[in-house]
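When reading the values below, keep in mind they use all heavy atoms of this one structure, side chains included, and skip hydrogens, waters and symmetry mates.
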Amino acid sequence: MSNRPKSITKNLSLNDTGETGGHQAGMLIPKGGDVLRFFPTLGKDEKNPRTSMYFYDENGKAWKLNFIYYNGKFYGGTRNEYRLTGMTAFFRENGLKAGDTITLTHENDNDVICYKRQAQPVVKEIHNEKGQINKRIVLGSSWKVIHY
DNA sequence: AGCCATGCACCG
DNA sequence: CGGTGCATGGCT
């Protein structure tokens, strides 16, 4: 639809921050939308292609993130999704939790990473058929895109 | 489609 | 040898 967005923001999930005990070290990038356009194009010419991207925080510190296209679906597997990995150090340094947001901005050939803490996560209780209560953090629309 | 979860390779 | 991230399977 349009060109590369100026900025994208993600509302962090429990899995993104590692609070679920996972260690996948990366968050999912939705396919087919403007969010994906923020990143370089990765095709299916090779399996699981990737590129490194450097983002700078407010202190000028560089963070190396890896943008990977898991495209195993086209190589006999099932995966077909994009991920941005290598973020756990940034999450830890800033104490980020699910419900917080991280924003990636591209401006004047400068890639910037920043974050925003959510004051109080909204927790939703889900009652299942066995009478158990599961808690889950409510995420607004996960992604937000800002164009030039 | 998106989030949750994990076996194992790698590396300090 | 313990923590981290890759690559992938699983669940909703």
Side-chain angles (χ1 to χ4, degrees), chain A residues 1-5 7-57 59 61-106 111-147:
Chain A
M1 207 234 335
S2 57
N3 293 325
R4 183 185 185 186
S7 167
I8 59 170
T9 296
K10 171 156 213 273
N11 200 334
L12 263 22
S13 73
L14 288 163
N15 200 43
D16 290 335
T17 58
E19 290 173 78
T20 52
H23 48 109
Q24 86 294 152
M27 59 186 204
L28 187 86
I29 306 296
K31 305 191 293 292
D34 286 335
V35 175
L36 186 57
R37 253 179 280 277
F38 181 84
F39 298 94
T41 301
L42 294 179
K44 50 184 171 62
D45 292 345
E46 65 176 302
K47 186 181 180 184
N48 297 351
R50 69 206 57 214
T51 87
S52 293
M53 303 176 74
Y54 289 87
F55 291 88
Y56 297 84
D57 65 16
N59 302 315
K61 183 173 179 180
W63 298 87
K64 178 188 177 188
L65 305 182
N66 301 309
F67 179 56
I68 308 174
Y69 179 27
Y70 287 105
N71 59 4
K73 181 175 184 179
F74 305 103
Y75 291 85
T78 60
R79 292 292 105 173
N80 184 24
E81 64 193 35
Y82 296 86
R83 309 190 82 103
L84 190 62
T85 71
M87 312 194 69
T88 52
F90 184 79
F91 289 157
R92 182 143 47 206
E93 174 153 319
N94 297 295
L96 298 184
K97 295 285 167 32
D100 298 338
T101 58
I102 73 123
T103 299
L104 300 178
T105 304
H106 172 75
D111 289 324
V112 174
I113 184 172
C114 64
Y115 64 90
K116 185 171 180 179
R117 254 183 271 278
Q118 182 179 249
Q120 183 65 48
V122 179
V123 177
K124 178 182 179 185
E125 292 189 348
I126 300 170
H127 301 259
N128 66 21
E129 297 170 348
K130 295 171 184 167
Q132 299 166 327
I133 298 175
N134 297 326
K135 293 189 176 180
R136 182 159 291 203
I137 292 181
V138 177
L139 303 176
S141 49
S142 274
W143 288 88
K144 181 171 156 189
V145 179
I146 298 176
H147 293 276

Can you check the [X] [atom1] to [N] [atom2] distance for me, whole Å?
{"X": "Tyr69(A)", "N": "dT8(C)", "atom1": "OH", "atom2": "P", "value": "13 Å"}
{"X": "Glu19(A)", "N": "dA5(B)", "atom1": "CD", "atom2": "P", "value": "12 Å"}
{"X": "Asn11(A)", "N": "dG2(B)", "atom1": "CG", "atom2": "P", "value": "14 Å"}
{"X": "Asn15(A)", "N": "dT12(C)", "atom1": "CG", "atom2": "P", "value": "14 Å"}
{"X": "Leu65(A)", "N": "dG5(C)", "atom1": "CG", "atom2": "P", "value": "11 Å"}
{"X": "Lys64(A)", "N": "dT4(C)", "atom1": "NZ", "atom2": "C1'", "value": "14 Å"}
{"X": "Gln24(A)", "N": "dC6(C)", "atom1": "CD", "atom2": "P", "value": "10 Å"}
{"X": "Met27(A)", "N": "dC6(C)", "atom1": "CE", "atom2": "P", "value": "14 Å"}

I want to know whether Tyr70(A) and Tyr82(A) have ring centres closer than 6.0 Å.
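Distance test on ring centres: not under 6.0 Å, no.
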Do Trp63(A) and Phe55(A) have their ring centres less than 6.0 Å from each other?
no
Take the C1' atoms of the five end pairs on each side of the helix from dA1(B)-dT12(C) to dG12(B)-dC1(C), derive the two axes, and give their angle rounded to 10 degrees.
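Roughly 0° between the end axes, to the nearest 10°.
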Does dT8(C) have OP1 or OP2 under 4.0 Å away from a side-chain N or O of Lys47(A)?
yes
Any Tyr70(A) side-chain N or O less than 4.0 Å from OP1/OP2 of dA7(C)
yes
Consider only side-chain N and O atoms of [X] and [Y], and report whether a donor and an acceptor are under 3.5 Å apart.
{"X": "His147(A)", "Y": "Asn3(A)", "value": "no"}
{"X": "Asn11(A)", "Y": "Thr101(A)", "value": "no"}
{"X": "Asn80(A)", "Y": "Tyr69(A)", "value": "yes"}

I need the residues from residues 74-85 of chain A with at least one non-hydrogen atom less than 4.0 Å from DNA chain C; give them sorted by number, or say none.
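Contacting residues: Thr78(A), Arg79(A), Arg83(A), Thr85(A).
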Side chain of [X], heavy atoms from C-beta onward: which of [options] has the nearest atom to it?
{"X": "Arg92(A)", "options": "dC4(B), dT4(C), dA7(C)", "result": "dT4(C)"}
{"X": "Asn66(A)", "options": "dT8(C), dC6(C), dG2(B)", "result": "dC6(C)"}
{"X": "Lys31(A)", "options": "dG2(B), dA7(C), dA1(B)", "result": "dA1(B)"}
{"X": "Thr88(A)", "options": "dG5(C), dA7(C), dG2(B)", "result": "dG5(C)"}

Do the non-hydrogen side-chain atoms of [X] and [Y] ever get within less than 4.5 Å of each other?
{"X": "Met53(A)", "Y": "Pro40(A)", "result": "yes"}
{"X": "Asp16(A)", "Y": "Lys10(A)", "result": "yes"}
{"X": "Leu104(A)", "Y": "Val112(A)", "result": "no"}

For Asp16(A) and for His23(A), find the nucleotide of DNA chain B with the closest heavy atom, then tell me which residue's nucleotide is more 5'.
Asp16(A)
Can you check nucleotides 10-12 of chain B for protein contacts, nitrogen or oxygen pairs under 3.5 Å, and list what you find?
none

Between Asp100(A) and Lys97(A), is there a salt bridge with N-O shorter than 4.0 Å?
no
Taking Asp111(A) first and then Arg4(A), would you say they form a salt bridge - that is, a charged N and a carboxylate O separated by under 4.0 Å?
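Yes, this pair counts.
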Just to verify, which of Phe90(A), Tyr56(A), Tyr54(A) counts as forming a side chain to side chain contact (heavy atoms under 4.5 Å, CB included) with Ile113(A)?
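So, applying the side chain to side chain contact (heavy atoms under 4.5 Å, CB included) to Ile113(A) and each of Phe90(A), Tyr56(A), Tyr54(A), only Phe90(A) qualifies.
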Over all heavy atoms of both residues, which pair between Gly26(A) and Arg83(A) is shortest? Give the atoms and the distance, please.
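That would be O-NH2, 3.6 Å.
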